[in-house]
Number of protein chains: 2
Amino acid sequence: MDVCNNFDGFSDNCFGFQEFSKEVKALVKPERKLYGAEKALLALRNHSEAERRRRERINGHLATLRGLIPGTAKMDKAALLAEVINRVKELRDRVTEVTRGTLVPTDIDEVKVEQEGKNDENSFFIRASLCCDFKTELLSDIREAIEALPLKTVRAEIATLGTRMVNVFVIAGCNADEEGSQSLVDSVRKALRSVLDKFYASEEFSSRNTMSGKRRRVSLFSSSNSSSYGDLW
Amino acid sequence: MDVCNNFDGFSDNCFGFQEFSKEVKALVKPERKLYGAEKALLALRNHSEAERRRRERINGHLATLRGLIPGTAKMDKAALLAEVINRVKELRDRVTEVTRGTLVPTDIDEVKVEQEGKNDENSFFIRASLCCDFKTELLSDIREAIEALPLKTVRAEIATLGTRMVNVFVIAGCNADEEGSQSLVDSVRKALRSVLDKFYASEEFSSRNTMSGKRRRVSLFSSSNSSSYGDLW
DNA sequence: GCACACACGTGAATC
DNA sequence: TGATTCACGTGTGTG
């Protein structure tokens with residue numbers, strides 16, 4: 001260790017001398033201590049192997065990312081990750097762009113609540129939507145549910161088609177950490193779902209039909225974009 | 001070095017003894033060689049600092065990815081990357097899903113060729129589209145161009161709106177590496193562009209209008225989803 | 001004590 | 001050659 005420090009700029013551990021001298025000391029004394037040394041060596045082995053496995057896991061994921069994004073075959077890790085970031089942003093923007101302007105009720109009752117874009121900075125938005133049969137009573141229920149939450153509604157839209165409607169709310173949040181914003185998302189989702197549940201209950205009471213679960217399919221037209229994303233429920 | 005190998009399972013370089021002994025030898029001899037040692041130390045320093053910077057770059061990108069994808073705050077690197085992979089796939093699927101079924105010609109002449117999904121396994125698809133004015137002659141040109149390529153067309157669609165049309169081809173490929181599939185994409189793109197160019201040439205010959213570049217804007221309606229993704233050209 | 005994850009410095013390869 | 005990237009083993013902290 002001291003030897004090592006004779007060269008300035010070298011810290012103790014840079015040559016692994018500590019470990020080395022430990023082993024030496026252990027080896028000097030007979031038998032019993034040797035057990036300790038063997039054990040230590042085994043531990044060291046396990047350690048390095050575990051670390052190798054960890055690296056393989058990470059690099060494996062990086063490799064599949066390379067396969068997922070064309071043109072990144074020969075990039076180094078950092079450049080690859082930068083490209084991944086761009087891709088995620090691009091795709092996210094494309095989705096919102098292609099989704100925007102096509103606010104059309106689908107034939108599936110659903111509540112979607114998701115955090116929308118740019119939590120790069122401290123501000124963020126929550127986009128909440130509820131799609132179901134159109135009932136004027138529902139509107140006030142929704143309004144109440146949303147306004148009961150300590151949130152600021154930035155934008156609200158409604159679209160109807162036939163007997164169906166979809167309501168969209170964009171809600172502003174700021175200065176919330178990861179967990180805070182997630183709990184906001186959850187509370188919004190809960191609020192809208194309770195509105196939907198209440199509606200179902202009243203429907204059921206008026207015995208128009210019985211529900212099998214909470215989701216209901218109404219054949220209006222084949223909806224293509226309302227599937228996937230189970231986590232949005 | 002020999003000392004090091006006395007412990008089996010330890011390779012030469014595991015303690016950095018090579019480097020160490022190099023420095024020792026250098027120090028034994030006076031003055032001139034000391035310069036060499038100093039230089040070596042400096043180089044080592046630069047090296048470790050560069051490596052530190054590299055790590056910071058990578059970790060920085062990982063951090064922004066964390067910020068970009070909610071719920072990954074406390075994940076370890078591997079889990080984060082796995083989540084990133086899921087996100088990219090999800091978003092990619094959402095885009096194609098939300099795009100599909102809305103095959104409508106836009107007001108911009110364009111050729112899009114992109115690799116579509118799942119090159120996880122060895123098979124993949126290429127989705128190629130060409131959007132331009134509708135001319136019946138074009139159809140056979142396109143057909144010829146596509147069939148001239150050593151590819152299997154899995155699906156083909158055409159949609160028209162007013163004077164505009166868009167053709168979509170889904171082409172199957174398999175057992176191609178990154179570069180191979182990329183060159184296929186390029187050749188498809190080239191083929192479709194040549195069709196478009198030929199069309200332009202004949203149009204120009206018939207002197208309906210002069211082109212400024214190859215792109216042409218026709219006001220039909222404001223197209224929203226044909227923007228971005230310059231790399232698709 | 002053990003398992004896991006991370007940062008670090010180093011050796012080697014590539015350009 | 002120097003600069004840069006990667007894999008590796010190790011030290012260290014946390015649960």
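Only a predicted model underlies this, so the values are computations on that prediction, with no experimental measurement involved. Just so we're on the same page: letters track the sequence lines, and every chain starts at 1.
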How many Å lie between [atom1] on [X] and [atom2] on [N], as a whole number?
X       : N      : atom1 : atom2 : value
B:Arg55 : D:dA7  : CZ    : C1'   : 13 Å
A:Glu56 : C:dC4  : CD    : P     : 15 Å
B:Leu80 : C:dA5  : CG    : C1'   : 13 Å
B:Leu44 : C:dA12 : CG    : C1'   : 13 Å
A:Ile58 : C:dA7  : CD1   : P     : 9 Å

Do any side-chain nitrogens or oxygens of [X] fall under 4.0 Å of OP1 or OP2 in [N]?
X       : N     : answer
B:Arg52 : C:dG9 : no
B:Asn59 : C:dC6 : no
A:Arg45 : D:dG9 : no

*Quick one: closest heavy-atom pair of A:Pro70 and A:Arg87, and the distance?*
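Answer, listing the atom of A:Pro70 first, then A:Arg87: CD-NH2, 4.3 Å.
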*asked:* Test side chain to side chain contact (heavy atoms under 4.5 Å, CB included) on A:Val170 and A:Thr153; report intermediate values, then the result.
replied: CA-CA 6 Å; A:Val170 177; A:Thr153 302; over 6 Å; no
*asked:* Using the side-chain contact (heavy atoms from CB on, under 4.5 Å) criterion, which residues pair with A:Leu149? Sequence neighbours excluded.
replied: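 side-chain contact (heavy atoms from CB on, under 4.5 Å) check on A:Leu149 returns A:Leu151, A:Ser187, A:Val188, A:Ala191.
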*Residues two or more places apart in sequence or in another chain: which of them pass side-chain contact (heavy atoms from CB on, under 4.5 Å) with B:Asn46?*
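By the side-chain contact (heavy atoms from CB on, under 4.5 Å) rule, B:Asn46 matches B:Glu49.
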*Rounded to the nearest 0.5 Å, what's the gap from CG on B:Leu184 to CZ on B:Arg189? Could you check?*
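Between B:Leu184 CG and B:Arg189 CZ, I get 11.5 Å after rounding to 0.5 Å.
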*Could you state the interatomic distance from SG (A:Cys132) to CG (A:Leu192), rounded to the nearest 0.5 Å?*
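These two atoms lie 10.0 Å from each other.
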_Closest-nucleotide ordering on DNA chain C, the 5'-leading residue of B:Ser48 and B:Ala78_ =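 Looking at the nearest nucleotide for each, B:Ala78 comes out on the 5' side.
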So which protein nitrogen or oxygen atoms get under 3.5 Å of nucleotides 2-5 of chain D's nitrogens or oxygens?
from, atom 1, to, atom 2, distance (Å)
D:dT5, OP1, B:Arg57, NH2, 3.2
D:dT5, OP2, B:Arg57, NH2, 3.4

